[in-house]
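Note on naming: letters A, B, ... go to the chains in the order of the sequence lines (proteins, then strands), and numbering restarts at 1 for each one. As a basis for the values below, the full set of heavy atoms in this structure was taken, side chains included, without hydrogen atoms, waters or symmetry mates. Everything numeric here is computed off the predicted structure, so don't read it as measured data.
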Amino acid sequence: MPELPEVETLCRQMSAVMAGAQVRRLDILDARLGRGKNLRGMRVLTVAREGKWIIIRLEGERTIRLHLRMTGHLLWRESDLVILPHTRFTLTFDRGRLDLVDPRRFATLSFDSPLAEPAPIKNPLEGFDTGILIERAAKRTAPVKSFLMDQKVIAGIGNIYACEILHAAAIDPRRSAGSLSRAEWRKVATAAGRILQKAVACRGTSVSDWRDLYGRMAEYQNHLSVYGRAGETCLQCRETIVREPIGGRGTFFCPSCQR
DNA sequence: CGAACGACCTGTTCGC
DNA sequence: TGCGAACAGGTCGTTC
């Protein structure tokens, strides 16, 4: 589910409501998430995003690391504290409760674990270095779309935004990453920066069931050019958008203006 | 090292 | 209407 803009949205909203707050209790409802910790009385220092990871830093060098994978949702609730279906943990504060709701149970939770090796482009919101892209893509034969989604290279881009970025850059997603010219990588970098920034401003993309921390729909789904639009008309050239699997993932593109 | 593919889960949508 | 197949925002492990 959530890619960089969705996770960024949740982190900003959590930071606003949780920073400085004291944990009352943590309850793990799904044993798949592992054992909980006694965090009672600890204050939240910061809530930050690393790629698609959510890092909650607490007093005493304690951290909670959370990854929502495909269907993880986080909801902040202050009234009507009924446990919704598929709730996997609850983190209770004096002023409200943070719930993880995750139907597919792919989300993961860990405590105090070491940070992963940062990707060369660890925060696409701060801009891209085209040189790094070219260097890392050299000799890679996998499709450029899979390359954009490789978290070891760029942290945060997933299926929706990879499709949108390549359409904006007019690049065929099936081309090998190593085949793009410098000028094409510049177009990709520019498109990626612009699209991700705008998606953050829109609080993400609500395809199917994504909602923000307060259960509200996002806005970027109203700006999608290709994702989810198979059979519809390309707004750029009037050709029909197609869907074709790449790397096992549904990929949407315009066969006419993406070359 | 990189690439391809199945596995992990459950719910919803699609096609006959 | 009903039923099985296909599909879904993401990674990870295995095999070649």
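With C1' as the reference atom, dC12(C) and dG11(B) are 23 Å apart, rounded to whole Å. Comparing the P positions of dA7(B) and dA5(C) gives an interatomic distance of 16 Å, to the nearest angstrom.
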Please tabulate, for side-chain N and O atoms in residues 137-145 of chain A, each donor-acceptor pair with protein atoms closer than 3.5 Å (sequence neighbours left out).
residue, atom, partner, partner atom, Å
Arg140(A), NH2, Asp150(A), OD2, 2.9
Lys145(A), NZ, Asn159(A), OD1, 2.4
Lys145(A), NZ, Thr251(A), OG1, 2.8

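Summarising the geometry, the separation between CD1 on Ile160(A) and P on dG10(C) is reported as 7 Å, rounded to the nearest angstrom. Rounded to a whole Å, the CZ atom of Arg105(A) is 18 Å from the C1' atom of dA8(C). Taking atom CG on Asn159(A) and atom P on dG10(C), their separation rounds to 6 Å, with Å as the unit.
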Please list, pair by pair, any protein nitrogen or oxygen found under 3.5 Å from a nitrogen or oxygen in nucleotides 11-15 of chain C.
residue, atom, partner, partner atom, Å
dT11(C), OP1, His67(A), NE2, 2.8
dT11(C), OP2, Lys52(A), NZ, 2.4
dT11(C), OP2, Gln151(A), NE2, 3.4
dT11(C), O3', Arg69(A), NH1, 3.1

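Nucleic acid contact class of Tyr227(A) (heavy atoms, under 4.0 Å, all strands): sugar-phosphate only. Heavy atoms of Arg88(A) sit nowhere under 4.0 angstrom from any nucleic acid atom. Nucleic acid contact for Thr205(A): base, since at least one base atom lies under 4.0 Å from a heavy atom of the residue.
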Glu164(A) and His223(A): CA distance, side-chain angles, deciding distance, side-chain contact (heavy atoms from CB on, under 4.5 Å) verdict: CA-CA 10 Å; Glu164(A) 293 298 309; His223(A) 303 282; over 6 Å; no
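Of all heavy-atom pairs spanning Gln22(A) and Phe93(A), the tightest one is O-CD2, 3.3 Å. Counting all heavy atoms, side chain and backbone alike, Val226(A) lies closest to Gln258(A) at CG1-OE1, 4.3 Å.
Thr90(A) and Asp99(A) form no side-chain donor-acceptor contact under 3.5 Å, judged by distance and modelled atom types alone. With 3.5 Å as the limit, one finds a donor-acceptor pair spanning the side chains of Asn123(A) and Arg49(A). Side-chain contact, Ser206(A) with Tyr220(A): no donor N or O sits under 3.5 Å from an acceptor N or O.
Nucleotides of DNA chain B that come within less than 4.0 Å of any heavy atom of chain A span, from the 5' end to the 3' end, dA3(B) to dG11(B).
Here dC12(C) sits opposite dG6(B) as a Watson-Crick or G-U wobble pair (both hydrogen-bonding atom distances under 3.5 Å).
No donor-acceptor pair under 3.5 Å is formed between the side chain of Glu3(A) and the backbone N or O of Gly156(A).
Side-chain contact check for Leu109(A) versus Ile64(A): some heavy-atom pair is nearer than 4.5 Å.
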